[in-house]
Amino acid sequence: MKALLKIWILFVCMLSVGCTTAQQAEQQPDVAPFIRQRADPFITRGTDGTYYFIATVPEYDRIEIRQSKTLDGLKDAEATVVWRKHSEGIMGNHIWAPELHQIDGTWYVYFAAGSAKDKWKIRKYVLSNTADNPTEGGWKEEGEMKSHRNEFSLDATTFTLKGQRYMIWVDRASDEVTNTGLYIAKMVDPIKLDDQQVVISQPEYDWEMKGHKVNEGPAVLVRHGKVFLTFSASATDASYCIGLLWADETSDLLDAKSWHKLSEPVFFTNEKLQRFGPGHNSFTTSEDGTTDIMVYHARDYKEIDGEPLYDPNRHTRVRVLKWTQDGMPDFGQEYGDEEFSKGER
């Protein structure tokens, strides 16, 4: 009976595109994205514990927010459109990587956008909303979050440390080569950066330069006396991966020498698990606040027809972030999301 089953699987595979052997069919793992076709995912919690989800939509034309009392509830929560791109002028194209932050009682969305005429004229912008619930009330366009170097500016994130709010974002980081790197500055207020703006990372290893020389998608987690900064590198196909920087929380974060970069990526393609090009992550916590959760996107296939940016199937995934005995994050490169989250190693 088992032999007949294998023959049947082989026959079905021969009729299917991309499957050539019974062994391939039997070894394909079950891939279950958290939310399909949502890239650059960001999950935050309101002061009442409500989870809010925001991400890049494949049409690059709007900003949506989902809400739920539970993390798992975000999967099926209704998406509320809170803003749409302009039909002309700035903020008219390539609406990318929104992040939602509640600062001093006001909600802010930081996002990147091109202009209607030039989709590659990417700059970072800000929306604000004073309603208690960010899916309600009115969103005000606060305009561009300006920085000194403003050539290809995107992926802004913000965090506080010892009462000071910082922003980390992406822009061209070299005058010699075309690349993108990570900048940091203190924030004067939620819509203005301080004058001191410093590059703390740009591509230097081979794994950061596949397809394009890229450092982008910063995400910050302060734990164990350190500021951990993940970032994404290389082109947005299967080469995409996550690297890690860290600094002591007592150090001067505006001194590039305070930051230490690991020489190898911490999370990258694993064909065995159908996890291709994982990247642009964020962090949240479990409902009881005791467990760190990593949120990221990845595809479940390698081959892409055309420009990877226009392939819609970067799906949101979540997994528990674990910690080593010496207080460093453990991303579980060799394990699937559910397997690693449950500790079945």
Side-chain angles (χ1 to χ4, degrees), residues 24-45 51-58 66 68-77 79 97 99 207 217-221 223 228 230-234 236-244 262 264-302 304 308 311-324 328-345:
Q24 283 179 304
E26 289 177 336
Q27 289 182 348
Q28 292 296 339
D30 183 20
V31 177
F34 187 70
I35 299 176
R36 298 187 64 82
Q37 294 193 338
R38 291 297 181 268
D40 314 322
F42 186 87
I43 295 177
T44 190
R45 302 185 75 179
Y51 286 94
Y52 296 97
F53 172 86
I54 194 168
T56 301
V57 302
R66 298 185 186 203
S68 173
K69 291 297 184 182
T70 65
L71 181 61
D72 195 61
L74 290 172
K75 291 180 182 179
D76 301 313
E99 286 198 3
W207 55 269
V220 173
L221 192 60
R223 295 287 186 273
F228 294 102
T230 55
F231 64 94
S232 297
S234 290
T236 57
D237 54 18
S239 301
Y240 211 48
C241 59
I242 295 176
L244 181 68
L262 298 187
E264 299 290 341
V266 294
F267 205 56
F268 48 92
T269 286
N270 186 322
E271 297 196 24
K272 174 181 67 176
L273 299 171
Q274 286 185 297
R275 186 174 66 218
F276 295 94
H280 204 128
N281 76 288
S282 61
F283 299 105
T284 188
T285 61
S286 59
E287 286 148 43
D288 63 5
T290 64
T291 304
D292 293 308
I293 307 293
M294 184 174 83
V295 188
Y296 70 101
H297 75 239
R299 292 186 179 88
D300 54 18
Y301 54 85
K302 182 177 183 179
I304 298 171
D311 177 282
N313 294 314
R314 293 184 291 175
H315 306 312
T316 294
R317 295 176 164 278
V318 297
R319 66 196 280 120
V320 166
L321 181 71
K322 298 185 179 182
W323 297 90
T324 65
M328 295 294 286
D330 179 2
F331 294 87
Q333 166 62 21
E334 296 304 317
Y335 302 93
D337 296 329
E338 184 176 358
E339 180 187 13
F340 192 61
S341 295
K342 290 182 177 178
E344 297 174 358
R345 300 176 55 176

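The structure displayed is predicted, hence computed values, not measured ones.
- Taking both residues in full, the closest heavy atoms of Gly73 and Ser68 are given as CA-OG, 3.2 Å, listed atom of the first, atom of the second, then distance.
- Not a single donor-acceptor pair under 3.5 Å links the side chain of Tyr335 to the backbone N or O of Ser341.
- For the residue pair Asp72 and Thr70, no side-chain donor N or O sits within less than 3.5 Å of a side-chain acceptor on the partner.
- Expressed to the nearest 0.5 Å, how far CD1 of Ile54 lies from CG of Asp40 amounts to 11.0 Å.
- The backbone N or O of Ala238 lies less than 3.5 Å from a partner atom in the side chain of Thr269, making a donor-acceptor pair.
- To the nearest 0.5 Å, the span separating CD1 on Ile242 from CE on Met294 amounts to 4.5 Å.
- Of all heavy-atom pairs spanning Arg38 and Ala55, the tightest one is CB-CB, 3.9 Å.
- The OH atom of Tyr301 lies 3.5 Å from the CG atom of Asn313; values are rounded to the nearest 0.5 Å.
- Evaluation of the ring pair (Phe, Tyr, Trp, His ring centres under 6.0 Å) rule for Phe53 yields no partner, not counting sequence neighbours.
- Every residue meeting the salt bridge (charged side-chain N to carboxylate O under 4.0 Å, His left out) condition with Asp337, not counting sequence neighbours, appears here in chain and number order: Arg317, Arg319.
- Taking the six-membered ring for Trp and thresholds of 30 and 60 degrees, Phe267 and Tyr296 have ring planes more than 60 degrees apart, a perpendicular arrangement.
- Contacts of Thr236 classified as side chain to side chain donor-acceptor pair (under 3.5 Å), with partners at least two apart in sequence or in another chain: none.
- Scored by the side chain to side chain donor-acceptor pair (under 3.5 Å) test, Thr230 finds Asn281 as partners (sequence neighbours excluded).
- Evaluation of the ring pair (Phe, Tyr, Trp, His ring centres under 6.0 Å) rule for Phe268 yields no partner, not counting sequence neighbours.
- Between the OG atom of Ser286 and the CG atom of Leu71 there is a distance of 8.5 Å, given to the nearest 0.5 Å.
- Under the rule for a ring pair (Phe, Tyr, Trp, His ring centres under 6.0 Å), Phe231 has no partner lying at least two apart in sequence or in another chain.
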Stepwise side chain to side chain contact (heavy atoms under 4.5 Å, CB included) check, Lys69 with Tyr51: CA-CA 6 Å; Lys69 291 297 184 182; Tyr51 286 94; over 6 Å; no
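- Applying the side-chain contact (heavy atoms from CB on, under 4.5 Å) criterion to Ser239, with sequence neighbours excluded, gives Lys210, Ser234, Asp237.
- Arg36 and Pro33 get closest at one heavy-atom pair: NH1-CG, 3.7 Å.
- Shown here for Glu99 and Pro218, the closest heavy-atom pair between the two residues is OE2-O, 4.1 Å.
- When each of Leu321, Ile35, Val318 is checked for a side-chain contact (heavy atoms from CB on, under 4.5 Å) with Val295, only Val318 meets the rule.
- For the atom pair Gln333 CD and Cys241 SG, the distance stands at 9.5 Å (nearest 0.5 Å).
- Of the inter-residue distances, the one linking Phe283 atom CZ with Ile43 atom CD1 reads 12.5 Å to the nearest 0.5 angstrom.
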Test side chain to side chain contact (heavy atoms under 4.5 Å, CB included) applied to His297 and His315, step by step: CA-CA 5 Å; His297 75 239; His315 306 312; over 6 Å; no
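- Every residue meeting the salt bridge (charged side-chain N to carboxylate O under 4.0 Å, His left out) condition with Arg223, not counting sequence neighbours, appears here in chain and number order: Asp292.
- Considering only residues two or more places apart in sequence or on other chains, Asp76 meets the side chain to side chain donor-acceptor pair (under 3.5 Å) condition with none of them.
- Leu221 is not listed as a side-chain neighbour of Pro329, based on a closest heavy-atom distance of 4.5 Å or more.
- In this structure, Lys322 contributes its side chain and Phe340 its backbone to a donor-acceptor pair below 3.5 Å.
- The two atoms that bring Ala298 and Arg275 nearest to each other are CB-CG, 4.1 Å, heavy atoms only.
- In terms of modelled atom types and a separation under 3.5 Å, the side chain of Thr284 and the main chain of Ile293 share no donor-acceptor contact.
- Looking at residues two or more places apart in sequence or on another chain, you find a ring pair (Phe, Tyr, Trp, His ring centres under 6.0 Å) between Phe228 and Trp323.
- When all heavy atoms of Pro41 and Thr316 are compared, the pair lying nearest together is CB-OG1, 3.4 Å.
- The side-chain contact (heavy atoms from CB on, under 4.5 Å) check on Ala77 picks up Arg66, with sequence neighbours excluded.
- Distance alone, capped at 3.5 Å, places no donor-acceptor pair between the Thr44 side chain and the Tyr52 backbone.
- For Thr291, there are no side chain to side chain donor-acceptor pair (under 3.5 Å) partners at least two apart in sequence or on another chain.
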